[in-house]
Amino acid sequence: MAGRPYARLKSPVRRTRGPLALFSAALASSLLVAIPAAAAPATGAGTVLAKSAASPAGIAKDDLLARLRAVPGLRVVSVKKGRAKGYKDYTLTFTQPVDHRNPRGGTFQQRLTLSHRSVDRPVVLYTSGYFIPEKAWLQEPTYGLDANQLSVEHRFFGASLPKRKDWAKLDIWQEASDEHAIVEALKQVYDGAWIGTGASKGGMTAVYHHRFYPGDLDGVVAYVAPNDAVNADDRVYERFFTTVGTPSCRAALRTVQREALKRRKSLVPRLTALAKREGLTFGRTIGTADRSFELSVLDSAWTFWQYFRQQDCKGIPGEKASDTAIFRWVDKIQTWKQYTDQGIEPYLPYYYQAATQLGWASLSFAHLKGLTRYPGLYQPNSVLPTSLRSRFDGRAMRDVDAWVTRQASRMMFVYGGRDPWSAERFTPKGTDCHVFVDPRANHGASISHLSSRDFAEATDTLRRWARLT
């Protein structure tokens, strides 16, 4: 299941990790690829990307609010000075049908945020695949193109949910249709090109939008977006964990996982005590502290490579480490809170999607043979309440993979060579499609840290899609 929800979100409990969790969930608000709206990178490729943008256009000060209020279904909740210089930030809601196939069957309010630059600049349509970011972040394409940014909260996350949840309406087509409706509505306001983007689950969401509504967007930049086309085939992930990093680091991770499980009798009571101190529970989702403990240990190696670096290998406890050292290391890497009711419940929509359509990475853990207690634990149904456990349907991912491979155009994928989620990638072969890999990057891969040649190709392509050449 792999580490936290695909993440790049900043979770209310702490960032989510691992495949289970994006396939670990992370919060959109703190995407590593995101550039804080208030500041630009001081040096390096990111600065070049920023300088390549056209001169800033003025903010439409007088009529934008009126134009937004005139859009059917759109409500302006608040307006304030932007955190980024030259921007104004709007909090919005947009009325969506719970079921786009039955528009009369009820509605909900989908939350949006708009970082407005100018009506004649490009618009970057961003989603984390989870919640709306807690703070306004300009994503890399937004900053590089001097663009407007419209951020969309995924249906069933945060405040963007119906009063009565019909979980069957949480699928990739319904969310793509949400975004299609938003784009159609806001094209009445903005005249420039539209670029879709997101990272991890957000990158996947941008891909699905483009697959179902290819006429909406002038281009898509998907960062570290997994492509689990055949859910039962995890050989690519297994190979990743036999080659990533150095042999000594891989061995150290196997050792600390074995030691943690060998010391279950002394470490699970520590987890139980921590949960009691912090008001954490297990009964509504994962079931018990022991199951939570085992899943956290299984996820720790995935999360290590997803977010940490080769130089962090020196901090991995060895066979002779104390129980305290091992317990603290797992908490640092994985966070014990991840697989508690309080850590899981904000991400139930993700786990439901993984269990039904998105798929998950399931590893063999041959090095832990004889130390685990719960066969089949490493999959999303393990953390869902009984009422939400579902049968997986692989047709959606096979369809998306086939479309991206054979028919897609104007798509860009950016991956990290040391990121587990980047191991199983999209491979587009259509018109004007590009795949870039930074061999040193993990789940924070970005255009700005690509090689000079790839950086130039990526930025030129993005500017061309945005009609800024």
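Worth knowing before you read on, the calculation uses all heavy atoms, side chains too, and leaves out hydrogens, waters and symmetry mates.
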By side chain to side chain donor-acceptor pair (under 3.5 Å) - contacts of Asp323 (at least two apart)
Arg263, Ser266
Quiz question: by atom type and distance under 3.5 Å, do the side chains of Gln109 and Thr95 form a donor-acceptor pair?
yes
Closest contact, heavy atoms only, Thr285 versus Leu348
CG2-CD2, 4.5 Å
Tell me whether Arg155 contacts the main-chain N or O of Val98 through its side chain, where contact means a donor paired with an acceptor under 3.5 Å.
yes
I need the full list of salt bridge (charged side-chain N to carboxylate O under 4.0 Å, His left out) pairs touching residues 354-378, with sequence neighbours left out, sorted by first then second residue.
Asp290-Arg373
Worked check of side chain to side chain donor-acceptor pair (under 3.5 Å) between Glu140 and Tyr223:
CA-CA 10 Å; Glu140 188 175 57; Tyr223 296 86; 2.6 Å; yes
If you take the centroid of each ring, where Trp contributes its six-membered ring, are Tyr208 and Trp173 closer together than 6.0 Å?
no
With side chain to side chain donor-acceptor pair (under 3.5 Å) as the criterion, how do Gln357 and Asp393 come out once you've worked through the C-alpha distance, each side chain's angles and the decisive distance to 0.1 Å?
CA-CA 6 Å; Gln357 286 190 315; Asp393 184 345; over 6 Å; no
Restricting to ring pair (Phe, Tyr, Trp, His ring centres under 6.0 Å), what partner residues turn up for His180, sequence neighbours left out?
Tyr213
Going by the rule salt bridge (charged side-chain N to carboxylate O under 4.0 Å, His left out), which residues pair with Glu175 if we only count those two or more places apart in sequence or in a different chain?
none
Residues at least two apart in sequence or cross-chain that pass ring pair (Phe, Tyr, Trp, His ring centres under 6.0 Å) with Phe94, listed by chain then number, are none
Looking only at atom types and distance, does a side-chain atom of Asp89 sit under 3.5 Å from a main-chain N or O of Thr91, one as donor and one as acceptor?
no
In chain order, what residues pass the salt bridge (charged side-chain N to carboxylate O under 4.0 Å, His left out) check against Asp419, with sequence neighbours excluded?
none
